**Student:** 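My questions will all concern the structure given below.
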Amino acid sequence: MFRKILLAVLVALTVLSLTACVLELDNAGGIVSGALKHYEETVDIGDNYNNDQPVELNLDMKMAKAVIDSTGDKLVEAKFSYSSEALKPELEAEADEISIRNRLDIHNLGKPVNKWDVKLTDKLPFEVELKADASEVKMNMSNMRIRDIDTVLNASLARLYFDEKNREKFEKFKLDADASSADIYGGANIGFEVLDIDADASKIMVDLTGEFERDAEVRIEANASAVKLKLPDDVGIRIVIDNNELSSVRISNDRILSRSKKEYVSKNYEEADMTLKIYADLNVTTLTLE
């Protein structure tokens, strides 16, 4: 009984701390210290860009509030607003790489504003590397061509959208969250083979609905976190759990059957054309399956 009470307290504290972090970010974005500065930049698609050659997209943000979307007309269309030179974003576009990052000098910030509005071409394939520290990012990759994603969140909030089927052959999606909150929508549409989630003191929601075209795996390693998976209906599901006594699995999906305390399968697992295998290593974590 004591262990169950302790688990409930730890999960509640984790969710509460994440909520407090998000509220603090929202408040920071609305208070201006000094004159607000604006910066816009547009980059055309030059002849040196190859439609089949992937472009590295490196987004490195600190104390930012960012919206990333797609556009078909330009390589990059970016608008920035910031309250300190210490936060001014730097955009560089080369033949094989686009990078946007901001420096940070905490002593000169006051109460910061650092807003990004970035649109990227839908005509070139991207390998995405996203790093966010104390930031909030909304990234819509529904119309972009994505080959790889590596996301690292530190005390940040991220919402990633894949509402339409990805037009590129995709391999690996990696999400590393530390004291953060991350929501992924339409995950099947990205066409991943492997989705790796590493969560520490974080709240993660992954919507795995969409269109699967091949067998796939989700690998979860979570410590003191809350992880929720929304499962697809049209693929066979097999779930293998490795958890300690302070972790729990909650199933609110009547398609999922228990084979043992550590293995679960969907009713259609044996007959399904495609399968999704989920491996979860849980430590003081709640995993919810919907």
Side-chain angles (χ1 to χ4, degrees), residues 1-15 18 149 151 159-160 162 170-177 180-290:
M1 177 63 70
F2 173 76
R3 289 177 175 176
K4 290 183 178 179
I5 294 173
L6 178 59
L7 172 62
V9 171
L10 289 171
V11 172
L13 288 174
T14 298
V15 173
L18 290 170
I149 300 174
T151 299
R159 296 187 299 275
L160 308 179
F162 307 96
F170 191 92
E171 293 300 328
K172 193 170 183 179
F173 188 159
K174 185 175 182 181
L175 171 63
D176 189 339
S180 297
S181 177
D183 294 341
I184 300 172
Y185 299 92
N189 289 330
I190 195 66
F192 67 87
E193 183 175 11
V194 177
L195 169 56
D196 269 330
I197 299 173
D198 190 342
D200 288 291
S202 294
K203 184 179 179 182
I204 309 295
M205 191 287 294
V206 183
D207 170 12
L208 291 165
T209 62
E211 186 177 346
F212 278 91
E213 290 191 342
R214 58 178 171 174
D215 296 340
E217 291 185 7
V218 176
R219 303 168 183 168
I220 302 168
E221 185 172 340
N223 299 289
S225 297
V227 180
K228 179 187 292 186
L229 302 180
K230 185 175 181 180
L231 303 176
D233 293 329
D234 53 352
V235 300
I237 308 290
R238 179 172 180 257
I239 304 160
V240 179
I241 307 292
D242 183 6
N243 62 323
N244 62 21
E245 294 182 5
L246 294 180
S247 297
S248 63
V249 179
R250 299 174 180 173
I251 300 176
S252 56
N253 185 318
D254 60 9
R255 296 174 53 246
I256 303 301
L257 304 175
S258 175
R259 281 184 173 173
S260 68
K261 290 183 178 180
K262 294 184 177 292
E263 184 179 11
Y264 304 84
V265 297
S266 61
K267 294 177 181 178
N268 65 336
Y269 182 72
E270 303 297 339
E271 297 80 21
D273 293 332
M274 285 174 291
T275 61
L276 174 63
K277 296 179 181 178
I278 299 169
Y279 301 96
D281 186 351
L282 310 177
N283 181 35
V284 196
T285 292
T286 296
L287 174 64
T288 302
L289 303 171
E290 294 183 348

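This is a predicted model, so every value here is computed, not measured. Heavy-atom basis, side chains included; hydrogens, waters and symmetry copies ignored. Counting from 1, the numbers follow the sequence of the chain as shown.
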**Student:** I'd like to know if the side chain of Lys267 and the backbone of Asp254 have a donor-acceptor N/O pair within less than 3.5 Å.
**Tutor:**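 Yes, the answer is positive, given that a donor and an acceptor are paired below the 3.5 Å cut-off.
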**Student:** Atom OG1 in Thr286, atom NZ in Lys228: separation rounded to 0.5 Å?
**Tutor:**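 That separation rounds to 11.5 Å.
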**Student:** Let me confirm one number: the CD1-CG distance from Ile190 to Leu160, rounded to the nearest 0.5 Å.
**Tutor:**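 So the CD1 of Ile190 and the CG of Leu160 are separated by 9.5 Å.
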**Student:** Is any side-chain heavy atom of Lys230 less than 4.5 Å from a side-chain heavy atom of Tyr185?
**Tutor:** no
**Student:** Taking side chain as C-beta onward, heavy atoms only, is Ile278 less than 4.5 Å from Leu231?
**Tutor:** yes
**Student:** Minimum heavy-atom separation for Phe212 to Pro232, with atom names?
**Tutor:** CE1-CG, 3.7 Å
**Student:** Enter the distance from Thr288:OG1 to Met205:CE here, rounded to the nearest 0.5 Å.
**Tutor:** 12.0 Å
**Student:** What I'd like to find out is whether the side chain of Ile237 reaches to under 4.5 Å of the side chain of Tyr264, using heavy atoms alone.
**Tutor:** no
**Student:** Measuring only between side-chain heavy atoms, which start at C-beta, is Asp242 closer than 4.5 Å to Tyr279?
**Tutor:** no
**Student:** Quick check against the 3.5 Å criterion: does Arg255 have a side-chain atom that pairs as donor or acceptor with the backbone of Asp233?
**Tutor:** yes
**Student:** Do side-chain atoms of Ser202 reach the backbone of Ser181 as a donor and acceptor pair under 3.5 angstrom?
**Tutor:**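 Not at all, since once roles are kept as given, no pair shorter than 3.5 Å links the two residues.
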**Student:** For Ser247 versus Val284, what's the shortest heavy-atom pair and its separation?
**Tutor:** OG-N, 2.9 Å
**Student:** When you compare the side chain of Val206 with that of Ile197, does any pair of heavy atoms fall below 4.5 Å?
**Tutor:** yes
**Student:** Would you say the side chain of Asn243 lies within less than 4.5 Å of the side chain of Lys262, judging by non-hydrogen atoms?
**Tutor:** yes
**Student:** Rounded to the nearest 0.5 Å, what's the gap from OG1 on Thr151 to CG on Leu175? Could you check?
**Tutor:**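 Reported value, rounded in 0.5 Å steps: 6.0 Å.
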**Student:** If you compare all heavy atoms of Ala177 against all heavy atoms of Ser180, which two are closest, and at what distance to 0.1 Å?
**Tutor:** CB-CB, 4.2 Å
**Student:** To check you understand the geometry: which heavy-atom pair defines the closest contact between Ala272 and Gly236, and what is its length?
**Tutor:** CB-N, 3.3 Å
**Student:** Measuring only between side-chain heavy atoms, which start at C-beta, is Asp215 closer than 4.5 Å to Met274?
**Tutor:** yes
**Student:** Can a donor-acceptor pair be found, under 3.5 Å and without considering hydrogens, that links the side chain of Thr285 to the backbone of Ser225?
**Tutor:**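 The answer is yes, because a donor-acceptor pair under 3.5 Å joins these two groups.
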**Student:** Working to the nearest 0.5 Å, report the span between CD of Glu217 and CZ of Arg238.
**Tutor:** 10.0 Å
**Student:** Hey, what do you get for CG (Leu208) to CD1 (Ile184), rounding to the nearest 0.5 Å?
**Tutor:** 8.5 Å
**Student:** Output yes when a side-chain donor or acceptor of Asn189 lies under 3.5 Å from a complementary backbone atom of Phe162, and no otherwise.
**Tutor:** yes
**Student:** Closer than 3.5 angstrom, by distance alone: can the side chain of Asn223 be matched with the main-chain N or O of Asp200 as a donor-acceptor pair?
**Tutor:**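 No, the answer is negative, given that no donor and acceptor are paired below the 3.5 Å cut-off.
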